[in-house]
Protein chains: 2
Amino acid sequence: MSRTTIADVAREAGVTKATVSHALSGNRPISEETRAKVLAAAEKLNWVPSQSARALATRRANAVAVVLARDPEVIANDSFFPAFIAGVESVLSETETALILQVVPDREAEERAYRALTHGRADGALLLDLRDDDWRVPFLDDLGLPTVLVGAYEQPTAFSCVRTDDAAPVREIIGHLRAAGHERIAHVSGPLDYVHSRARADAYIATMGDDALLREGDFTAASGRALTEELLALPQRPTAIVYSNDTMAIAGLSFARSQSLVIPDDLAISGFDDDHLSAHLSPALTSVSSDPAARGRAAARLLRADILGAHPRTEIVDCNVVHFRESTAAPSTASPTVSRRTP
Amino acid sequence: MSRTTIADVAREAGVTKATVSHALSGNRPISEETRAKVLAAAEKLNWVPSQSARALATRRANAVAVVLARDPEVIANDSFFPAFIAGVESVLSETETALILQVVPDREAEERAYRALTHGRADGALLLDLRDDDWRVPFLDDLGLPTVLVGAYEQPTAFSCVRTDDAAPVREIIGHLRAAGHERIAHVSGPLDYVHSRARADAYIATMGDDALLREGDFTAASGRALTEELLALPQRPTAIVYSNDTMAIAGLSFARSQSLVIPDDLAISGFDDDHLSAHLSPALTSVSSDPAARGRAAARLLRADILGAHPRTEIVDCNVVHFRESTAAPSTASPTVSRRTP
DNA sequence: GTGAAAGCGCTAACAG
DNA sequence: CTGTTAGCGCTTTCAC
């Protein structure tokens, strides 16, 4: 392992440890000459400062954390997460900051995880899957851990926040469906205590005027199927269903088909998240893409600023784009189109 | 932050720091009575040992790393990765071990990342996306970082390895296609320097007898489309194409359709990885599921053992299952079937 | 501009 | 069974 330490480098360069340290950090003026000597020695000995020693001395871990309290199966089927992480990483790597990922089974484990992280493992955290009145927000505030909320958290908070407008695409889809003559438009939401599910459902209710055709799912294929079955069994069945993710939409589409309904003639369908395969389904699925990587980048930048002591702020990353495809096309419509950016 | 230290707890409990340390670690016999006092004090002061101090003292980071040198877009569209990580985490969380994720743009950055990790950030690494003669293998060996290879690495190595049999499902699919009367069966592979692409392509060549209809793609939809176009333009076009992932298969399927070919009547198609939407396509896509979570768990367990000083060993996680669906069904075949485990 | 020395918070000999 | 004493490898005052 790391047998060579800063002392070896100092000896090799003929200076003291302090000089080596400063030559690398630039925290105090160093003559060009000695700096060169130090760098040469470091290079020669192939030395890299120990992160753990540095973390202890500076009280900074140079790492941020994402703790996920999700079922592994849900993680595996989520198209948002990997792209989000990729975005986060692209920013963190600029400053040699590591990303610590932790998946926990329950709340107790999650609290323990955050406590451990706070004490020397991470300098900040990214909070996903926000819920109304999320317990983690005051908890992390208490812990004093810099945190960025990803999602439209409504309660007052001192944390930075990356939001998107989830309502606009819902309004746009419903508008599109209505223009095509649809009146009985249903919505299959995600769990309504998630703020993003809630925002979409609220936009649906506001646009439709009531929640008679709203059904609460849980983002799994199973719930998409079950709720579609329920909706199609209504005396006045809906002619269109707006789903809160692609997985549920596909499951619903399959079920509707198994009942000999033709999509979109008998039933129009739209999803959310724009899974990379959705455009290739047949019929191609109308969905909302949301540039998770852009949101990851924004979140990472805000967190970095917060850790450095900046004032928390909210950034709106408006990247939701509705892709209208065959699953909502009127029978005559030929080629799929992409809408402009949602306003 | 962590203002309370082990000294505070020791004072509160009326013992020394060493006793506190051992009361928690169990590294030496402690009377039930003092242990209780210590735990009570720790609880009261809400103390959690500092990871960075512990890491420095024990020369162990209690973390393992995964470094990914991939394009963010590829990460976002990969169905293997999130499930694999979830599996890894399920094992790591048992021992409070953190997972450090790092995405790097190029080889230079990757080397730096591994160097930094070795020095106090991580105790081991998981290597994905293995290539023939992968430079990382000797490099990490040099660094002395315990490592587990995920994939069928063929060169001699002192590292532990989690392998699967990628050849068996390819043979099974080709056998199935031949039984259905197909003779001109093509293969669109991933980059052939990836060991898993290579293994699948080799199985294809061995089974077919030649590589006349083998085309090398890069796992992206664009390459799937382009190579399908190329294959379908042949004087004697193939009647079946075996793709090395679902993304390329779907892109190929879309293209074939745009040429008015009927799937599977005019062209049979199969994928790999069994994306969660693949079963819902129309026609449903024949694909190979490989339980990435199981492989993640196996890799994490091997790595933990290696870090503890166990002898490296190779574990075969045989979890590839071919799901025969409509895209390879003979026109008459009614319902999709699932094969037995590949032998 | 550089050196010397004192920690950061914990673990691990070594005593007793 | 418990206390004492050194460090782990770095950063950071404080002198010079």
Side-chain angles (χ1 to χ4, degrees), chain A residues 1-39 41-42 45-63 96 115-123, chain B residues 1-39 41-42 45-63 96 115-123:
Chain A
M1 296 300 234
S2 167
R3 277 292 111 243
T4 76
T5 77
I6 195 173
D8 301 322
V9 178
R11 197 176 315 116
E12 174 78 25
V15 297
T16 63
K17 298 192 293 174
T19 304
V20 174
S21 175
H22 291 127
L24 267 89
S25 70
N27 276 353
R28 81 182 184 191
I30 295 272
S31 79
E32 254 327 308
E33 191 189 338
T34 53
R35 145 172 277 121
K37 271 196 310 200
V38 168
L39 293 183
L45 298 182
N46 219 342
W47 172 77
V48 176
S50 153
Q51 287 294 335
S52 39
R54 181 187 293 222
L56 182 57
T58 59
R59 312 153 138 281
R60 178 149 294 172
N62 291 312
E96 312 255 271
R115 281 228 164 70
L117 288 167
T118 310
H119 295 251
R121 246 214 205 310
D123 307 317
Chain B
M1 295 304 231
S2 167
R3 278 290 112 243
T4 76
T5 77
I6 195 172
D8 301 322
V9 177
R11 197 175 317 114
E12 173 78 26
V15 297
T16 63
K17 297 193 295 173
T19 304
V20 174
S21 175
H22 292 127
L24 267 89
S25 69
N27 275 353
R28 78 183 188 190
I30 294 272
S31 78
E32 254 328 305
E33 192 190 337
T34 53
R35 146 171 276 122
K37 271 197 308 201
V38 169
L39 293 183
L45 299 182
N46 217 343
W47 172 77
V48 176
S50 151
Q51 286 294 334
S52 39
R54 183 190 294 233
L56 182 57
T58 58
R59 314 157 134 282
R60 176 148 296 172
N62 291 310
E96 313 255 270
R115 280 229 165 69
L117 287 167
T118 310
H119 294 252
R121 244 212 207 311
D123 306 318

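In what follows, chains carry the letters A, B, and so on, assigned in the order in which the sequence lines appear, proteins first and then strands, with residues in each chain numbered from 1. The figures here come from the full heavy-atom set of this structure, side chains too, leaving out hydrogens, waters and symmetry mates.
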Next on the checklist: Using whole Å, what does the distance between atom C1' of nucleotide dG9(D) and atom CD of Q51(A) come to?
Outcome noted: 12 Å
Item to check | Close approaches to DNA chain C from residues 7-15 of chain B, in residue order (heavy atom, under 4.0 Å) | outcome: none
Next on the checklist: Between D8(B) and E12(B), does the side-chain contact (heavy atoms from CB on, under 4.5 Å) criterion hold? Intermediate values first, please.
Outcome noted: CA-CA 6 Å; D8(B) 301 322; E12(B) 173 78 26; over 6 Å; no
Item to check | Shortest non-hydrogen contact from A13(B) toward A41(B) | outcome: CB-CB, 3.8 Å
Item to check | Spatial distance of atom CG (N62(A)) from atom CZ (R121(A)) [nearest 0.5 Å] | outcome: 14.0 Å
Next on the checklist: Under a plain distance cut-off of 3.5 Å, with no hydrogens placed, do N46(A) and R115(B) share a side-chain donor-acceptor pair?
Outcome noted: yes
Checklist entry - CG of L56(B) to OG of S50(B): how many Å apart, nearest 0.5 Å? => result 9.5 Å
Item to check | Spacing of N62(B) atom CG relative to dC10(C) atom C1', expressed in whole Å | outcome: 12 Å
Item to check | Candidate pair T34(A) and K37(A), rule side-chain contact (heavy atoms from CB on, under 4.5 Å), full reasoning | outcome: CA-CA 5 Å; T34(A) 53; K37(A) 271 196 310 200; 4.2 Å; yes
Next on the checklist: Contact list please: residues 25-36 of chain A against DNA chain D, heavy atoms, distance less than 4.0 Å, in numerical order.
Outcome noted: N27(A), R28(A)
Checklist entry - Of A57(B) and H22(A), whose nearest nucleotide on DNA chain C comes first from the 5' end? => result H22(A)
Checklist entry - Would one find a side-chain N or O of T19(A) under 4.0 angstrom from OP1 or OP2 of dG3(C)? => result yes
Checklist entry - If you check every side-chain atom of S21(A), which of dC8(D), dC10(D), dT11(D) has the closest atom? => result dT11(D)
Item to check | Minimum-distance pair of heavy atoms, taken over all atoms of A18(A) and R28(A) | outcome: CB-NH2, 4.3 Å
Next on the checklist: The side chain of R59(B) is closest to which nucleotide in this list: dG9(D), dC10(C), dC10(D)?
Outcome noted: dG9(D)
Next on the checklist: I want to verify a distance call: between dG9(D), dT11(C), dT4(D), whose nearest atom is closest to the A18(B) side chain?
Outcome noted: dT4(D)
Item to check | Distance, rounded to the nearest Å, where W47(A) contributes CH2 and dG9(D) contributes C1' | outcome: 9 Å
Checklist entry - dG9(D) P sits how many Å from K17(A) NZ, rounded? => result 10 Å
Next on the checklist: Could you tell me how far apart I6(A) (CD1) and dA5(C) (P) are, to the nearest whole angstrom?
Outcome noted: 16 Å
Checklist entry - Quick one: is dT11(C) close enough that its OP1 or OP2 comes under 4.0 Å of any side-chain N or O from R54(B)? => result yes
Next on the checklist: Rounded to the nearest 0.5 Å, what separates atom CZ in R59(A) from atom OG in S52(B)?
Outcome noted: 9.0 Å
Next on the checklist: Give me the atom names and distance for the closest heavy-atom approach of I6(B) to W47(B).
Outcome noted: N-NE1, 3.6 Å
Checklist outcome for this item: Here the distance between atom C1' of dT11(C) and atom CG of L56(A), to the nearest Å, is 12 Å
Item to check | Closest listed nucleotide, where the reference is the side chain of T58(B) and the choices are dC10(C), dC8(C), dT11(C) | outcome: dT11(C)
Checklist entry - Should T16(A) be listed as having a side-chain N or O under 4.0 Å from OP1 or OP2 of dG3(C)? => result yes
